[in-house]
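Each remark here refers to the structure printed beneath this line.
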Amino acid sequence: MSSVESANRTEAGAGEGGKIRLTLPDGTVKEVPFGTTGRAVAASIGPRLAKDALGVKLAGQVLDLSRPLTESGLFEVVTPKHADALELYRHSTAHLCANAVKRLFPGVKIGIGPAIENGFYYDFDPGRPFTPEDLEKIGAEMKKIVAEDNVVVRKEMSKAEAVKIFEAQGDPLKVEIVAGIPEGSLSCYEQKDFIDLCRGPHVPSTGKLGVFKLTHSAGAYWKGDERNPMLQRIYGAVFLTQKELDEHLARLEAAKARDHRKLGKELGLFLFHPWAPASPFFLPKGATVYNLLIAFMRDLYVKYGYQEIITPQIFDEELFRTSGHTGAYRENMYFMTIDEREFGVKPMNCPGHCLLFKSGHYSHRDLPVRYADFARLHRYEKSGVTQGLTRVRTFSQDDAHIFAAPESIGREVLDFLLFLDEVYSTFEFRDVDISLGLRPEKRVGPDEVWDRAETVLEAAIKATGRPYVVSPGDGAFYGPKIDFRVNDALGRPWQLGTIQCDFNLPELFDLHYVAEDGVKHRPVILHRAILGSLERFFGILIEHTGGDFPFWLAPEQVRVVPVSEKFNEYGEKILRRLIGAGLRATIDVRNEKLGAKIRNGELEKVPALLIVGKNEQEAGTVSLRVRGGDEYKDKDIERLIERMKEAVAQRSLRWYQRATGSFSTL
RNA sequence: GCUGGCGUAGCUCAACAGGUAGAGCAGCCGAUUUGUAAUCGGCAGGUUGCGGGUUCAAGUCCCAUCGCCAGCUCCA
């Protein structure tokens, strides 16, 4: 407890034997004796409330019902409807889980079990992994403990007492945690045959719990460090009502349908082969989207003053020694020996760009120089971390390096943020988490340089007024950065955009420009990407659109569907007109019934189907079926083409009066 | 990399406790000429990821290896 905090408490608490003042949500003030329990206060307000109570919240802090109240402040009873109830349920359910595991597997040691989004996890050292059958048994035992309705008791104790308890029950992991906690602030929670070290708070009895499902178990290193032994983590989902739990499980199920790996296969966008692990092949349709993303960025490069360059793939190791990569990044690189010379495949573009910059002479008037490069990069990633398109071993980025005078970094970062905004809004990426990554342990460059870089970045991001979080240790090895993260369908965050400040590379490559004073100065490099890895961006885009790409990106934009072979010729005529207008169009001349052709077009997520039969041929029109089922009769083909071209030119997400993509924030 | 799970036809899946691999869709051929999410019939398709082993017999059991999936960790 800080000294300020304890001072406040002394003032507000009025001391032993005095009174404290509780301000209820309706504004009334209740005076109760110091040390009255939350349960007693709830009971004095109403028996129903006391019955529903899970805990109380006093002065912003959630407390057990049994805790004596020792300060004045805003007082609320935490009932199931209260915003903090879920957290309480989740954490208490974690204890419930450990209780059940201890009963069923007496030798199992317990680790930690916090509440997390949607539920909880609990780490155990079981000696062997849990099987799905184990999880079922554990779940059943948990239900039994709920039925027993055991009272949950908070026990404050000394470290010595706690160590004694956990040594006695054979829990060395708990003993280890106790050792790290300062004396005087230690508490345990006991429910009948189970006691666990915990700060609390918890629900008053196990009978309050019950809406949960153990979802899966997986290995997890003790304290998240791979040098530590691996424990078994059980994950559980916990909600207020069975309905919400069911909905959550259904949502997870639905999210699987938008998994980019599944859709990529179904829609024929990309594939993988065991001989090129974690390295995607893009099929024609996937390559179309990929190239359109690049074309999009190229357009904006003109607007934002970037120049595209093309640089080598493989360099003498000398380059990576100079850049520091052989030291800090070696384990992620591919090397080869040719002609008794060591070469490395580039994992990043920056070293090559430095060589290019160094080859010229620059005055302050030439800066900033913004070099963009879509070159393919290769990074060795450990086998367990690769995943679909979101984490691969070869990819290209909308990468660029800005060589700028130190005083113009702020301006450049702000321009970048505008650029990024324009791109993300095109895709309607709304839930973007921004984080400022500060110096990691493993890094190059002196601390004074890091100080400067971190200050400049934070100032720029503050100037935009956007919310952001600071992540110490999350910076690149060569400098601090601002990362932009977007979630995939299953809610896992992925970094897309980034801007990284680098004062080190210009030193290492001895880069300079001539300033107004006629003297050589050191430029600063800003590494930046907006889409980030195009592979990853593609994957995220698939998941956000569910495979329904916006019209301008759809690999096949229009499909002509003749009602029968009799109208193939008319269909071909329409097709030629569409292709002539620059649209990606095909025709379905298979010997199939109309219904089957429509079904196919829908399954392949073609945004526009143009049905042509007797009526259309006679009128010289087409019948438009917009993806999703809307049907519009007798469209004038020229007007339709105009509309489509406009949607492409404006890169609009909706091209025909209605949403074609369902953007989920799950 | 670590822990666990999985790997059968192009795709989705089946095959009792080991008994010698089967279906739908897709593909090919034929018939049908179709009006807004699946026309009918036929044919073809697999050294069960790869390599060992146990067994009279292995998709099934064991070992090893590759790949994929979940998580840990790491990162764009």
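In what follows, every chain begins at residue 1, and chains take the letters A, B, ... in the order their sequences are listed. These values consider heavy atoms only, across backbone and side chains, with no hydrogens, waters or symmetry-generated copies.
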Practice prompt. Please work out if A/Gly532 contacts a base, only the sugar-phosphate, or nothing of the nucleic acid, heavy-atom cut-off 4.0 Å.
Written response: nothing

Worksheet item: Would you say B/A70 has OP1 or OP2 under 4.0 Å from some side-chain N or O of A/Arg261?
Response: yes

Discussion item. Could you measure the distance from the CG atom of A/Leu531 to the CG atom of A/Leu420? Nearest 0.5 Å is fine.
Written reply: 9.0 Å

Discussion item. Quick check on contacts: within residues 271-279 of chain A, what sits under 4.0 Å from RNA chain B by heavy-atom distance?
Written reply: A/Pro274, A/Pro277, A/Ala278

Discussion item. Using the salt bridge (charged side-chain N to carboxylate O under 4.0 Å, His left out) criterion, which residues pair with A/Asp125? Sequence neighbours excluded.
Written reply: none

Worksheet item: Given B/G1, is OP1 or OP2 found less than 4.0 Å from the side-chain N or O atoms of A/Tyr380?
Response: yes

Discussion item. Under 4.0 Å from OP1 or OP2 of B/C75: is there any side-chain N or O of A/Arg485 that close?
Written reply: no

Discussion item. In this structure, how many angstroms lie between the P atom of B/C75 and the CZ atom of A/Arg393, rounded?
Written reply: 16 Å

Worksheet item: Got A/Phe282 and A/Leu389 here, is their nearest side-chain heavy-atom distance under 4.5 Å?
Response: yes

Worksheet, complete the sentence: Taking for A/Trp222 and for A/Gly473 the nucleotide of RNA chain B with the nearest heavy atom, the one nearer the 5' end belongs to A/Trp222

Worksheet, complete the sentence: The correct list of stems in which RNA chain B takes part (3 or more consecutive Watson-Crick or G-U pairs, distances under 3.5 Å) is B:1-7 with B:66-72, B:10-13 with B:22-25, B:27-31 with B:39-43, B:51-53 with B:61-63

Discussion item. Taking any heavy-atom pair under 4.0 Å as a contact, classify A/Thr498: base, sugar-phosphate, or nothing.
Written reply: nothing

Practice prompt. Would you mind reading off the distance between A/Glu592 atom CD and B/C25 atom P, rounded to a whole angstrom?
Written response: 12 Å

Worksheet item: Which is true for A/Gln232 with a 4.0 Å heavy-atom rule: it touches a base, it touches only sugar-phosphate, or it touches nothing?
Response: sugar-phosphate

Discussion item. Under 4.0 Å, heavy atoms only, any strand: does A/Gly388 hit a base, just the sugar-phosphate, or nothing?
Written reply: sugar-phosphate

Worksheet, complete the sentence: Rounded to whole Å, CD of A/Gln387 lies from P of B/C69 at a distance of 7 Å

Worksheet item: Within this structure, what is the CD-to-C1' distance between A/Glu604 and B/C11, rounded to whole angstrom?
Response: 13 Å

Discussion item. I'd like to know whether the aromatic ring centres of A/Phe124 and A/Phe130 sit less than 6.0 Å apart in this structure.
Written reply: yes

Fill in: Identified salt bridge (charged side-chain N to carboxylate O under 4.0 Å, His left out) partner of A/Glu535 from the options A/Arg379, A/Arg391, A/Arg376
A/Arg376

Worksheet item: Can you check the A/Phe567 CZ to B/U36 C1' distance for me, whole Å?
Response: 15 Å

Worksheet item: Looking for any heavy atom pair under 4.0 Å, which part of the strands does A/Lys481 touch: base, sugar-phosphate only, or nothing?
Response: sugar-phosphate

Worksheet item: What nucleic acid atoms does A/Arg233 come within less than 4.0 Å of, heavy atoms only: base, sugar-phosphate, or nothing?
Response: sugar-phosphate

Discussion item. With hydrogens left out and only the distance checked, is there a donor-acceptor pair under 3.5 Å joining A/Ser623's side chain and the base of B/U36?
Written reply: yes

Discussion item. In whole Å, I'd like the distance from the NZ atom of A/Lys265 to the C1' atom of B/G67.
Written reply: 12 Å

Discussion item. By nearest atom, which of the nucleotides B/U33, B/A70, B/A37 is closest to the A/Arg625 side chain?
Written reply: B/A37

Worksheet item: Between A/Pro129 and A/Glu565, which has a closest nucleotide on RNA chain B that is more 5'?
Response: A/Pro129

Item to complete: Would you kindly give the NE2-to-C1' distance between A/His216 and B/C72, to the nearest whole Å?
Response: 11 Å

Fill in: Point-to-point distance, once rounded to the nearest 0.5 Å, from CZ of A/Phe395 to OG1 of A/Thr390
12.5 Å

Worksheet item: Any chance NZ of A/Lys223 has more than 12 other-residue heavy atoms, nucleotides or ligands included, within less than 6.0 Å?
Response: yes

Fill in: A/Leu609 CG to B/U36 P, straight-line distance once rounded to whole Å
13 Å

Worksheet item: With a 6.0 Å cut-off on ring centres, are A/Tyr290 and A/Phe270 close enough?
Response: no

Discussion item. For a quick check of understanding: with a heavy-atom distance under 4.0 Å over all strands, which category does A/Ala596 fall into, base, sugar-phosphate or nothing?
Written reply: sugar-phosphate

Fill in: Side chain of A/Arg391 (C-beta onward), nearest among B/A37, B/C75, B/C72
B/C75

Worksheet item: Centroid-to-centroid, A/Phe484 to A/Phe429, below 6.0 Å?
Response: no

Fill in: Partner of A/Leu578 under side-chain contact (heavy atoms from CB on, under 4.5 Å), chosen from A/Thr586, A/Leu640, A/Ile587, A/Ile637
A/Ile637

Fill in: Under 4.0 angstrom between A/Lys597 side-chain N/O and B/A38 OP1 or OP2
no

